[in-house]
Amino acid sequence: MLCWWAHVLVAVLAYASGVWGARASASNPELKADGVMPVRTHSLFSPYVDSSLQNNYWDYGGDAVIDTNRYVMLTQDRRNESGWLWSRLPLEASDFEITVEFSLKGKSPSVAGDGFAMWLSNPRAKSGPVFGSANRWKGLGIFFDTYANTPHRGFFPRISAVRNNGGMDYDISRDGENQDMARCSMQLRRTEAETRLRFTYVKDVYMELAIQNMEWNKWSTCFKVPPVDFTDAPYLGFSASTGDMSDNHNIVSVWTNRLVYNSRTPADLEAERKLAFAKSEKKSWWSANSDSDNDVAPKKGGRRDRDQGGSSLLAGLVYGILRLIKWAFIFAVVGAGGFYGFKYYKKRSRSGFKNRRMMA
C-alpha cells in the first residue's frame with residue numbers, strides 16, 4: 001500500500017512540475033494562465049533532424065537547409081530563393097504561447113529582403129509568392145517584412161498581422177497595405193540581443209506579439225488585439241523568400257506551450273478582456289511615444305483605419321504639442337533650479353567674503 005501511494009505522489013509531482021514549473025520559467029510575467037504545458041509536437045530544437053534527415057513532427061522544403069548545430073536556414077543570402085518549415089500536425093490547443101528564436105543576417109549592412117512569415121493557417125507546406133508560401137491562406141499570417149516594395153509612411157522592417165479567410169489575395173506590390181489588422185516597426189537585423197518573437201493567443205480574450213531585440217528577456221509589444229477566430233485547428237509554419245535583395249532567414253528554435261485555464265464564465269472572459277487592454281487605454285500623454293499605435297485594439301470590424309488623413313494629422317498635431325509642453329516643463333524646472341541655485345551660491349560667496357574681512 002505504501003508503495004502504491006509513493007507512485008501516486010511521484011506522478012502528481014511530475015505533473016505539477018510540468019505545468020506550474022513551466023509557468024514559473026515563462027518569459028511573460030503578465031500571463032495569467034493557471035498552468036503552462038509544453039507541446040512537443042510543435043517545438044523544435046537543434047539538431048532538428050534524425051540520422052535520416054527527417055523529423056517526426058516537422059517538414060521542410062523549397063530551398064530550406066538544415067544546419068544541425070545552429071539553425072534551419074529558410075533561405076541563404078542569395079537571390080530568388082524560398083523555403084519553408086511546417087508542423088505535420090495541427091495545433092489543437094485553444095490557448096497557447098509560441099516563442100521563436102530567429103536571425104536575419106547577410107552581407108549587406110542595411111538593405112536586405114524580402115523577409116519571413118510565421119503562419120497559423122491552412123493549408124500547409126505549399127510554396128507561393130507570399131514570403132515563400134501560398135496565397136489565399138485560411139487563418140493568420142504574421143509577416144516580418146524587411147524590404148519595402150513601394151514607399152510607405154513609417155519605417156522598415158515592418159511586422160504585420162494579416163487575417164485571411166481563403167478568398168483574399170495578399171497585395172505583394174504594396175506590402176499588404178490596408179490588409180493588415182495590426183502592425184509595428186522594429187529593428188530585426190544587427191540587433192544588440194538575440195532576436196526572439198513571442199506570440200500569445202488566449203481565445204476570446206486577446207492575441208499579442210512581443211519582440212526581444214535590444215536586451216535579453218526584455219520584450220517590446222508589437223501589437224495586442226482581439227484574437228482571430230480559427231475555424232479549423234491551424235498548422236504552425238515558417239517561410240521566407242528573397243528577390244533582387246537577399247538575406248539569411250534562420251529559425252533557431254521553436255517552443256510552444258499550451259496555456260491551461262480553469263473553467264471561465266462569460267463574465268470572467270469579459271473581465272480578462274478589459275484587463276488585457278487596460279494598459280493601452282490608460283496610457284498618459286507623458287509616456288506617449290511614436291509607436292503608441294502598436295498596442296491598440298482595432299475598432300469593430302477588425303481593422304484600424306490608419307489612412308484617415310484628417311484624424312491622423314490632428315492626432316499628430318496634438319501629440320507634437322504635448323511633447324513640446326512636456327519638454328518645456330522639463331527645461332523650465334531645470335532652468336529655475338539652476339537660476340536659484342546660482343543666486344544662492346553668489347549670496348553664500350559674498351557672505352563668506354564679508355566674514356573673512358571682519359576677521360582680518
Results of salt bridge (Lys or Arg N to Asp or Glu O under 4.0 Å) for R78 - residues two or more places apart only: E81
Tell me every residue that passes ring pair (Phe, Tyr, Trp, His ring centres under 6.0 Å) with Y261, counting only those two or more places apart in sequence or in another chain. none
Can you name the residues that form a ring pair (Phe, Tyr, Trp, His ring centres under 6.0 Å) with Y170, not counting sequence neighbours? F143
Residues which pass salt bridge (Lys or Arg N to Asp or Glu O under 4.0 Å) with E92, listed by chain and number, not counting sequence neighbours: none
My understanding is that only residues two or more places apart in sequence, or in another chain, count here; which of them pass side-chain hydrogen bond (donor to acceptor under 3.5 Å, both in side chains) with E215? none
Applying ring-ring contact (aromatic ring centres under 6.0 Å, His included) as the test, list every pair that has at least one member in residues 37-77; sequence neighbours left out. none
What residues, two or more places apart in sequence or in another chain, satisfy salt bridge (Lys or Arg N to Asp or Glu O under 4.0 Å) together with R136? D169
D59: partners by side-chain hydrogen bond (donor to acceptor under 3.5 Å, both in side chains), with sequence neighbours left out: R88, R124
Enumerate, atom names and distances included, each donor-acceptor pair closer than 3.5 Å involving a side-chain atom of residues 232-239, sequence neighbours excluded.
residue	atom	partner	partner atom	Å
S239	OG	W119	NE1	2.8
S239	OG	F131	O	2.7

Who passes side-chain hydrogen bond (donor to acceptor under 3.5 Å, both in side chains) against D229, sequence neighbours left out? none
Y206: partners by ring pair (Phe, Tyr, Trp, His ring centres under 6.0 Å), with sequence neighbours left out: none
Just to verify, what does R70 make a side-chain hydrogen bond (donor to acceptor under 3.5 Å, both in side chains) with, not counting sequence neighbours? D67
